[in-house]
Amino acid sequence: MKSLEELRKIKERALERRKLAGEGAKSRITVAMGTCGIAAGARDTMKAVLNEIEKRQIADVVVTQTGCMGLCEYEPMVTIKIGEADEVTYGKIDAARIPTLIEKHLLGGEPVAEWQVQTAK
Amino acid sequence: MTVFRELSQHILDIYENGAKAGASLVFINIVEDFEQDRLSIAIRDNGSGMDEAMLRRVTDPWVTTRTTRKVGLGIPFLKQTAEMCGGDFEIRSELGQGTVTVATFQHSHIDRPPLGDLMGTVVCMVVGYPNVDLVYRHTVGDREFTLDTRELHEILGPGVPLSDPEVLGFLHAMLEEGLRELKGEPLPAS
């Protein structure tokens, strides 16, 4: 059984990494998880996000959820915000699109234009 | 029949309602009782709760108005599924106290959807809402598994989120181990 003692050691390592990387997370990725999002596969989208974070060891990103964004036909929806830049909203992001999105936008800093959804500000 | 293929998607949906209602703690209790041929799923949150009028509306898809749209169609579908599978559905709520939702099913009923991907569901729930704690207790026959994120948060403190890559690995391994043991599946040699 996984022990909480193990988690204590992980915490020390994580804090050390965070100290080296500098204060605070610089980016945020949000998955819409309303009833419409869940029905469209948002849980698999979120799982794919978490798998990429684990696989690529991305420590400086905040992962959050939100509810229905009022554009149910575009679910699953994902938003990415990097630093002070405007938040970018994406539609129809199934799990298969996540590796590309993470690589190009979250890590590469270049939004993926063809998957973007224009939202009213 | 419904928008969801798995009961775990319903659990996620109800959890989301609680998290959005400002809950800081959610209990999910799943009991699979083969002797009684029952499956019961109870979800309790300490969010803002609902008044009686709202409570009546959330289980009825036909009188839903635009203002209740934010609740979604998840609850009436779960009620319908439970009642279709030889079970019951109950939702209780009090303003300022929180909400309790209980769905039961005949475990062996042919139309009962599978619980589905519980590991993915639980990880989504606990990572996406860092300010909501979850106590997930799952009983299968005489086996039991409990995940209490209050314990994890107490160890990690404010500096390390559950979405830290190494913590995620720990969480996945812990859930996989626990859920395998619940089903009586052997652990892979490591």
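Just so it is clear: chains get the letters A, B, ... in the order the sequence lines come, proteins before strands, and each one is counted from 1.
In the hydrophobic clustering of this structure, B:Ile155 does not group with B:Leu25; members are Ile, Leu, Val, Met, Phe, Trp, Tyr whose side-chain heavy atoms approach within less than 4.5 Å, directly or through other members. A:Val88 and A:Ile82 fall within a single hydrophobic cluster, where Ile, Leu, Val, Met, Phe, Trp and Tyr side chains are chained together by heavy-atom contacts under 4.5 Å. Note on B:Ile30: it clusters hydrophobically with B:Val140, by side-chain heavy-atom contacts below 4.5 Å among ILVMFWY residues. Follow the hydrophobic side-chain contacts under 4.5 Å out from B:Val135 and you never reach B:Ile14; the two are in separate clusters. In the hydrophobic cluster analysis, where Ile, Leu, Val, Met, Phe, Trp and Tyr join through side-chain heavy atoms closer than 4.5 angstrom, A:Tyr74 is grouped apart from A:Leu101.
Salt-bridge check for A:Arg17 with B:Asp164: passed, with a basic side-chain N closer than 4.0 Å to an acidic carboxylate O.
Heavy atoms of B:Glu6 lying under 4.5 Å from chain A belong exclusively to its side chain. Using a 4.5 Å cut-off between heavy atoms, B:Met119 makes no contact with chain A at all. Residue B:Glu16 touches chain A through its side chain alone, counting heavy-atom pairs closer than 4.5 Å. Proximity to chain B involves both the backbone and the side chain of A:Leu4, based on heavy atoms less than 4.5 angstrom apart.
Contact count versus chain A (heavy atoms, under 4.5 Å) is highest, among B:Ser163, B:Ser8, B:Pro161, B:Cys124, for B:Cys124. The residue among A:Thr64, A:Leu7, A:Leu15 with the most heavy atom pairs within less than 4.5 Å of chain B is A:Leu7. Considering only heavy-atom pairs separated by less than 4.5 Å from chain A, the leading option among B:Leu152, B:Leu162, B:Val123 is B:Leu152. With chain B as partner, the option from A:Thr66, A:Val31, A:Val63 having the largest number of non-hydrogen pairs under 4.5 angstrom is A:Val63.
Within residues 38-55 of chain A, the residues having any heavy atom less than 4.5 Å from a heavy atom of chain B are, in residue-number order, A:Ile38, A:Ala39, A:Arg43, A:Met46, A:Lys47, A:Leu50, A:Asn51, A:Ile53, A:Glu54.
Across every non-hydrogen atom of A:Lys11 and B:Leu156, the tightest pair is CE-O, 3.4 Å. The shortest non-hydrogen separation linking B:Val160 to A:Ala14 is CG1-CB, 3.7 Å. Counting all heavy atoms, side chain and backbone alike, B:Pro165 lies closest to A:Ala59 at CD-CA, 3.8 Å.
Within a 6.0 Å sphere centred on CD of A:Glu110, other residues, nucleotides and ligands contribute 12 heavy atoms or fewer. No more than 12 heavy-atom neighbours from other residues, nucleotides or ligands sit within 6.0 angstrom of CD on A:Glu84. By the 6.0 Å contact criterion, CD on B:Glu90 is enclosed, its count of non-hydrogen atoms from other residues, nucleotides or ligands being greater than 12. Summarising the local packing, CD of B:Glu52 is surrounded by 12 or fewer heavy atoms from other residues, nucleotides or ligands at distances under 6.0 Å. Other residues, nucleotides and ligands contribute at most 12 non-hydrogen atoms within 6.0 Å of the NZ atom of A:Lys92.
Residues passing the salt bridge (Lys or Arg N to Asp or Glu O under 4.0 Å) test with B:Glu151, sequence neighbours excluded: none.
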